[in-house]
Amino acid sequence: MKYKKNDFLIDNVEAKILAKKYSTPLYCYSLNKIKENIKNFKENFKSIDPLICFAVKANPNSNLLRQIGKLGLGADVVSIGELMKSLKSGISPNKIVFSGVGKTYEELNYAIKKNILLINTESKSEILQIEKIAKIKKKKVNIGIRLNPNTDANTLSQISTGKKENKFGVSEKIFLDIVKYVKKSKYLKLKCLSVHIGSQILDNAPYEKMLRVLKKIINKTKYRFEYIDLGGGMGIDYENKNKKLNLNKYSLNIKNFLKSFKSKIIFEPGRSIVGNSGFLISKVIYIKEGYKKDFIILDAAMNDLIRPALYNAQHRIIPVKKNNKKAKKIYEFVGPICESTDKFSILRNFQKLSEKDLILICDVGAYGMSLSSNYNLRPKATELLIQNNKVQVISKRQSLKDLI
Ligand code: LLP
């Protein structure tokens, strides 16, 4: 993914050709980048040989799931829809974990029927519900318990999950009570302790603290957990400032931690697998003069990519074709939706843009399309998967007929 002369290429294909052929807004993913991310992830954690379950919520496209499954990953799912889609995409049930605070009877029943690796439970009520279903089915069901380690992930408050005020997991006290209960259950087999402290984490310290809390609590249980599921959350470098989590250091910390416990580690990464593989190509519809700035009105909007509006998240914007002319004004990149938060970025010193020019919004492979909507009755965009000149439509733009 680079410029050749002045044209941006995604896996050797010119972005402008894609925009012309498939129209905009257009999601494009580089399969080579996904493969590279998976390889890096595996290499960094090689010494602990974890089971890597891709967090499907980051990008549930079936074609991507199929590719990710072929590369040996399992799936972390949070709904019956994600579970069905993962199975349909060829991911084996014994590599699937089911997370989430509010799994319904129907969802649990289905997961139990499919014999997935683990249901990571988040409350005593959910455990009782599983026990009830297991009894009817005369089965022993493998479960995990999600602990809330009361650890600040130092990330955006909206995507932090590991503090005691968050709805996720159970406190130490409840965790210890539940362990006692499950140990005696005829229908439940306690296999796993799970945690997930938040997303877009760029600092190793919260993970180190989390491991210290786990060690203390596991010692108190005197129980051998076959699996310890450390969740996901590994952040990516959205701002291109080389700010990255040190995965190797994290791996060493885990190795150290495992000296006390003989457990298999599970990870549930989403963003770090697909985030930087995706681009959203968009066309400038109009340029409107505003007070001390120009509004660059794009054909992509918050319904296509809601992260900036929802979390004030920053995604780099770059031109599809460089022209080496500097804009005189500040540019505010906005979408056409009737909301003031429908804006992507305010940039100084961008290159001079004209109407009909194309731009790319970067790092949208995770929580881009998966958080998209039909707000303002706008159809969802086409998604392309690209590898070495080969372009595949992996999801077609919704037609107006579908919507109306
Ligand atoms: N495991 C669990 C239990 C989770 O709740 C999540 C994400 C993950 C794994 C994957 O986390 P990752 O490796 O992708 O950070 N919409 C937000 C992100 C919300 C993440 C929710 N849970 C965003 O666009 O930043």
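Both counts, for ligands and for their atoms, begin at 1 and track the order of listing.
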Q | Nitrogen or oxygen atoms of G270 and ligand 1 under 3.5 Å apart | A | yes
(Q) Which of the numbered atoms in ligand 1 are under 4.0 angstrom from any heavy atom belonging to G232? (A) 9 (C), 13 (O)
Q: Would you mind checking if E172 and K220 are paired as a salt bridge, meaning a charged N to carboxylate O distance below 4.0 Å?
A: yes
Q. Purely on distance, is any nitrogen or oxygen of R307 under 3.5 Å from one on ligand 1?
A. yes
Q) Hey, does I145 have a side-chain heavy atom less than 4.5 Å from the side chain of N120? A) no
Q) Taking heavy atoms and a distance under 4.0 Å, where does A55 meet ligand 1: side chain, backbone, both or neither? A) side chain
Q) Would you find a donor on one side and an acceptor on the other, under 3.5 Å apart, between the side chain of N148 and the backbone of V170? A) no
Q.
Between E226 and K264, does any side-chain N to carboxylate O distance fall below 4.0 Å?
A. no
**Q.** Flag side-chain contact, heavy atom, 4.5 Å: S99 against H196
**A.** no
Q.
If you take the nearest heavy atom of each of K57, M234, E122, which one is closest to atom 21 (C) of ligand 1?
A. K57
Q) Should the proximity of D76 to ligand 1, defined as any heavy atom under 4.0 Å, be assigned to the side chain, the backbone, both, or neither? A) side chain
Q: Name the orientation class of the two ring planes belonging to Y29 and Y27 (parallel below 30°, tilted from 30 to 60°, perpendicular beyond 60°).
A: parallel
Q.
Checking the N or O distance criterion of under 3.5 Å, is ligand 1 in contact with G233?
A. yes
Q: Ignoring angles and geometry beyond distance, decide whether Y311 reaches within less than 3.5 Å of ligand 1 through its nitrogen or oxygen atoms.
A: yes
Q) Given E268, R146, R271, which one has a non-hydrogen atom that is nearest to atom 9 (C) of ligand 1? A) E268
Q: Please identify which atoms of ligand 1 are closer than 4.0 Å to at least one heavy atom of P269.
A: 13 (O)
Q: Check whether any side-chain N or O of D237 sits under 3.5 Å from a backbone N or O of N242 as a donor-acceptor pair, and report yes or no.
A: yes
Q: Compute the shortest N/O to N/O distance between S272 and ligand 1 and return yes if it is under 3.5 Å, no if not.
A: no
Q | Proximity of N120 to ligand 1 by residue part, where a heavy atom lies under 4.0 Å | A | neither
**Q.** Residues K322 and D7 bridged, charged N to O under 4.0 Å
**A.** no
